[in-house]
Amino acid sequence: GEATEISINYGRQWDLTDHLSFEAHAGMGYFKWGYANSSTFFLLEKETTIGFPLRAKLIYNIGGNFGIGINPNANFNSLAITYSADLIIQYRF
């Protein structure tokens, strides 16, 4: 399937050590899901709904405002619960 998500999130950060931090984010937004048509197998059918994303970040701060880490994500909605995990580079303003 194909997913598009636009959302507004609220997050908090907790410093675990001098270089390691954890962030959690939750929100609400627009979710669009596309899937193959069952009779043609290549035309996408698209539906939209409200989604509730959850995100977490475990960041190792490498110096200054830069950090690297992992970022698992989930979006809970009525069409298809989606999951992903990303490697991230983060800059804090």
Side-chain angles (χ1 to χ4, degrees):
E2 172 187 307
T4 302
E5 173 188 337
I6 299 171
S7 59
I8 295 174
N9 296 288
Y10 176 77
R12 301 281 299 173
Q13 175 183 323
W14 296 273
D15 292 326
L16 303 175
T17 67
D18 287 343
H19 294 284
L20 194 63
S21 62
F22 176 78
E23 296 180 24
H25 304 261
M28 185 172 97
Y30 169 83
F31 183 82
K32 180 169 68 171
W33 178 250
Y35 53 92
N37 182 303
S38 61
S39 61
T40 62
F41 297 105
F42 65 89
L43 292 176
L44 286 181
E45 303 287 335
K46 296 182 180 176
E47 295 184 44
T48 61
T49 189
I50 295 173
F52 299 95
L54 293 177
R55 292 174 172 67
K57 295 179 187 176
L58 186 60
I59 305 289
Y60 180 78
N61 299 305
I62 56 178
N65 292 331
F66 284 98
I68 58 173
I70 57 172
N71 176 214
N73 303 282
N75 189 301
F76 298 92
N77 59 76
S78 63
L79 298 175
I81 298 173
T82 58
Y83 303 95
S84 68
D86 306 308
L87 297 175
I88 59 171
I89 298 172
Q90 177 171 296
Y91 180 79
R92 283 193 278 180
F93 294 93

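Every value quoted in this text rests on a predicted model; they were computed, and no experiment measured them. When reading the values below, keep in mind they use all heavy atoms of this one structure, side chains included, and skip hydrogens, waters and symmetry mates.
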**Report entry** Heavy-atom pair of closest approach, residues T82 and A3
**Finding:** CG2-CB, 4.5 Å
Query raised in the report: Taking the side chain from H19 and the backbone from Y60, do they hold a donor-acceptor pair closer than 3.5 Å?
Result: no
Report summary line: Shortest non-hydrogen pair, N73 vs N71, comes out as ND2-O, 3.0 Å
Query - From CA spacing to verdict: side chain to side chain contact (heavy atoms under 4.5 Å, CB included), L87, I70 - result: CA-CA 5 Å; L87 297 175; I70 57 172; 3.8 Å; yes
**Report entry** Sequence-distant partners of N77, side-chain contact (heavy atoms from CB on, under 4.5 Å), two or more places apart
**Finding:** F31, T49, N75, L79
Report summary line: So ring pair (Phe, Tyr, Trp, His ring centres under 6.0 Å) across residues 71-93, not counting sequence neighbours, yields F66-Y91, Y91-F93
Report summary line: Heavy-atom nearest pair, K46 first then G34, reads CG-CA, 4.1 Å
**Report entry** Residues that L16 engages under side-chain contact (heavy atoms from CB on, under 4.5 Å), provided they are two or more places apart
**Finding:** L20, F22, L58
Query raised in the report: Take atom CG in N65; do more than 12 heavy atoms of anything else shown fall under 6.0 Å from it?
Result: yes
Query - By side-chain contact (heavy atoms from CB on, under 4.5 Å) - contacts of T4 (at least two apart) - result: K32
**Report entry** hydrophobic_cluster_shared for I62 and I89, side chain cutoff 4.5 Å
**Finding:** yes
**Report entry** Set of side chain to side chain donor-acceptor pair (under 3.5 Å) partners for E23, sequence neighbours left out
**Finding:** H25, Q90
**Report entry** Atom pair CH2/CD of W33 and E2 - distance to nearest 0.5 Å
**Finding:** 9.0 Å
Query raised in the report: What residues form a side-chain contact (heavy atoms from CB on, under 4.5 Å) with D15, not counting sequence neighbours?
Result: Q13, S21
